[in-house]
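Each chain gets a letter, A, B and so on, in the order the sequences are listed, and its residues count up from 1. All of these numbers come straight from a predicted model, not from anything done at the bench.
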2 protein chains.
Amino acid sequence: MTTIYDVARVAEVSASTVSRVLNGHSSVDPDLAARVRQVVLDLDYRPNAVARSLRRQRTSLWAVIISDIGNPFFTSLVRGIEDVAQEAGFSVVLCNGDEDPEKETRYVTAALAERMAGVIISPSGRPALINRLTEAGMPVVAIDRQPHGVAVDTVLVDNVHGAETATAHLIDSGYRRIACVTGPRRISTAVQRLRGYQQALRAAGRSAPEDLVRYADFREDGGYRAMASLLNAAEPPDAVFVTNNLMTVGAVECLVDRGIAVPTRCGVVGFDDIPWAHLVRPSLSTVAQPTYDLGRAAASLLTERIANPAKASSTVTLRTTLRIRESSVRSLPDGQPAAGAGGPARAR
Amino acid sequence: MTTIYDVARVAEVSASTVSRVLNGHSSVDPDLAARVRQVVLDLDYRPNAVARSLRRQRTSLWAVIISDIGNPFFTSLVRGIEDVAQEAGFSVVLCNGDEDPEKETRYVTAALAERMAGVIISPSGRPALINRLTEAGMPVVAIDRQPHGVAVDTVLVDNVHGAETATAHLIDSGYRRIACVTGPRRISTAVQRLRGYQQALRAAGRSAPEDLVRYADFREDGGYRAMASLLNAAEPPDAVFVTNNLMTVGAVECLVDRGIAVPTRCGVVGFDDIPWAHLVRPSLSTVAQPTYDLGRAAASLLTERIANPAKASSTVTLRTTLRIRESSVRSLPDGQPAAGAGGPARAR
DNA sequence: CTGTTAGCGCGTTCAT
DNA sequence: ATGAACGCGCTAACAG
């Protein structure tokens, strides 16, 4: 492997000069610089990033620790992060936390050990992990989920408001026993979306009975089981608000398996879009998140934090959008079956 | 940040001893070792992986450069890789090549600069990239796609056979004008699956007319446009074999938009499963790949290659499985509409 | 079994 | 504007 000394020798300059040419921190005689650059090309010299990192005490790598690589919500997020990172001269490495605290811990450890430049994480619960990062002086941005009791830059959506809007829409559509399938109590997102659901019911003068609420794990199977449990109740719901995309898929599967027609016998609104939502029959009404922009916002916060480690931490909240499709509209005022945006004759 | 010297000083030993205790390469007096370990805990000492990598001239990171993080085919693959990597003591960083040669190049450069321990890549075409890696002595495994003219460990599925089976199934179902939507000519996977399609037609004594073949980009939009182009032909097909999952989704969308009933007026078989295939109506027949095992196989090859850089390169080929669902079965022998595995009353 | 010494490849002083 | 010297933190070679 060719080193900076090989380049220096062939170009007949010192290693310092080569370093200066490559990093442009100090001015170098143009002729020398040209000679160096030519030799770099000739020898196909590639600076050793490991040595550079050791010397500079920082790398140009960001760790993005997401909680489930299989969830399409995160893929768009990652694109947003990557685009900003590249502009700022960082490379992004993805770490699949997999909603598994142990895996997540391993990746946090790795990010620390590799002295990465920063971390963007959607924490699956434990505030201790975030603390380990911040205490080590690692620039951190939390995304999608609000860590408890830790001052850290955070990017969220208006979970309460989004859930409220979705639930209000179900009420307006004429559903009367509206259930909610939400995520683990330790995850802020699950709690906030449940709260929005409850507020909407109260605002409409309804009670928010606990027997219509289920706590699952944000996964497909969890959604399926929660829905099954709701349907087995003495008085089953006639609509359900599900607080993430994978659980929504599970809930719909359950309804299909039991032959319960959507939206006629049971209305459904999910949180997070799912890909190919338009291919699913009935097409699913969802609270859509600006995932790409969430990624961009997180990345921007991280670059700022890296540039200025002392600045006060901030929270950015982005707006959600209710996308009404078929699964939540029982009928139009004139009595015809609904065909909302994204309906059978969906526009491309 | 506490260093190995801090630990050495407090434990009243030399830095070498601390290193030996931590790495276990050489035996150390049990009492000393215990003392060192205690100090490590007390000080919360974390070895600097950057310094270690510089000194050892290798890291414990694998780069996994996948061609599209949004394609669920890869997510399961990644899990397989991660599981094996962890057993072997490596961490996996994911790089999203995004079917974009420029991005891919950047990540290959980064993997080289960071002196990563190895690379698993699904190359989006350019053999030059693989060459850059191997010439630099980087252990490499190609996955999903066969690089041209480069001797490198590779993990594939039996693309020709899988495509042949799928096409034969369409023939057996009574379709007569069977089209094929395949991927870019530069990607081996696209070529092989097309060849399987052609072989099946010839084996059935049919010609394989070029006007029923379309080359697209392995993405949803490409599949949509290819299908549209087929339907605009003078003699449109009555069935289509699509060589990857995202294009299959696009093709079905196109059929839905034009009101062409599947499988009645047009049969469809795709390659690669798609998630929630069971929620899509009609449910899609596909050639399923053992994605998790593909990942495991690639990771195993990489560990072997790292352990023995001189060994001859090998190719592992895994079998695919045809999953017949609704989209490819026009009717049962008795004339009733089909309800295959994964049909409306799908078993969980 | 342990400590001393050296050097991985760079970037950054400090002189000149 | 340039070069010499040093050290980032660690592990491997060598002595003892």
Original post:
Does A:Ile66 offer a backbone N or O that forms a donor-acceptor pair with the side chain of A:Ser122 under 3.5 Å?
Top reply: no
Atom pairs and distances, donor-acceptor, side-chain atoms in residues 83-90 of chain B, under 3.5 Å, two or more places apart:
from	atom 1	to	atom 2	distance (Å)
B:Asp83	OD2	B:Tyr292	OH	2.6
B:Gln86	OE1	A:Arg106	NH2	3.3

**OP:** In sequence, state the C-alpha distance, the side-chain angles, and the governing distance for A:Asp44 and B:Arg132, and then conclude on salt bridge (charged side-chain N to carboxylate O under 4.0 Å, His left out).
**Re:** CA-CA 11 Å; A:Asp44 194 34; B:Arg132 265 185 60 197; 6.0 Å; no
Original post:
Which whole-number value in Å describes the distance from B:Met1 CE to D:dC8 C1'?
Top reply: 14 Å
Original post:
Partners of B:Asn71 by side chain to side chain contact (heavy atoms under 4.5 Å, CB included), sequence neighbours excluded?
Top reply: B:Asp68, B:Phe73, B:Phe74, B:Asn244, B:Asn245, B:Leu246
Original post:
CG of B:Asp31 versus C1' of C:dC1: gap in Å, rounded?
Top reply: 13 Å
Original post:
Which pair of heavy atoms, one from B:Val191 and one from B:Arg185, lies closest together, and at what distance?
Top reply: CG2-O, 3.2 Å
Original post:
What residues form a side chain to side chain contact (heavy atoms under 4.5 Å, CB included) with B:Ala11, not counting sequence neighbours?
Top reply: B:Val13, B:Val36, B:Val39
Subject >> With B:Tyr45 via ring pair (Phe, Tyr, Trp, His ring centres under 6.0 Å) - residues at least two apart >> reply: none
**OP:** Keeping to residues at least two apart or across chains, list the salt bridge (charged side-chain N to carboxylate O under 4.0 Å, His left out) pairs with something in residues 15-35 of chain A.
**Re:** none
Original post:
B:Thr59 side chain to B:Arg115 main-chain N or O, any donor-acceptor pair under 3.5 Å?
Top reply: yes
Original post:
Looking at residues at least two apart in the chain, or sitting in another chain, which of them share a side chain to side chain contact (heavy atoms under 4.5 Å, CB included) with B:Leu156?
Top reply: B:Gln146, B:Thr154, B:Thr315
Subject >> Partners passing salt bridge (Lys or Arg N to Asp or Glu O under 4.0 Å) against A:Glu12 (at least two apart in sequence or in another chain) >> reply: none
Subject >> Any residue meeting side chain to side chain contact (heavy atoms under 4.5 Å, CB included) with A:Arg9, in chain and number order, not counting sequence neighbours >> reply: A:Asp6
**OP:** Examine the side chains of B:Thr291 and B:Arg79 and answer whether a donor and an acceptor come within less than 3.5 Å of each other.
**Re:** no
Subject >> Positions of residues 4-28 of chain A (non-hydrogen atom under 4.0 Å from DNA chain D), listed by number >> reply: A:Val13, A:Ser14, A:Ser16, A:Thr17, A:Arg20, A:Ser27, A:Val28
Original post:
For the helix from C:dC1-D:dG16 to C:dT16-D:dA1, how many degrees between its two end axes (five pairs per end), to the nearest 10°?
Top reply: 40°
Subject >> DNA chain D contacts among residues 32-40 of chain A, heavy-atom distance under 4.0 Å >> reply: A:Leu32
Original post:
Does any residue of residues 50-60 of chain A have a heavy atom under 4.0 Å from DNA chain D, and if so, which ones, in number order?
Top reply: A:Leu54, A:Arg55, A:Gln57
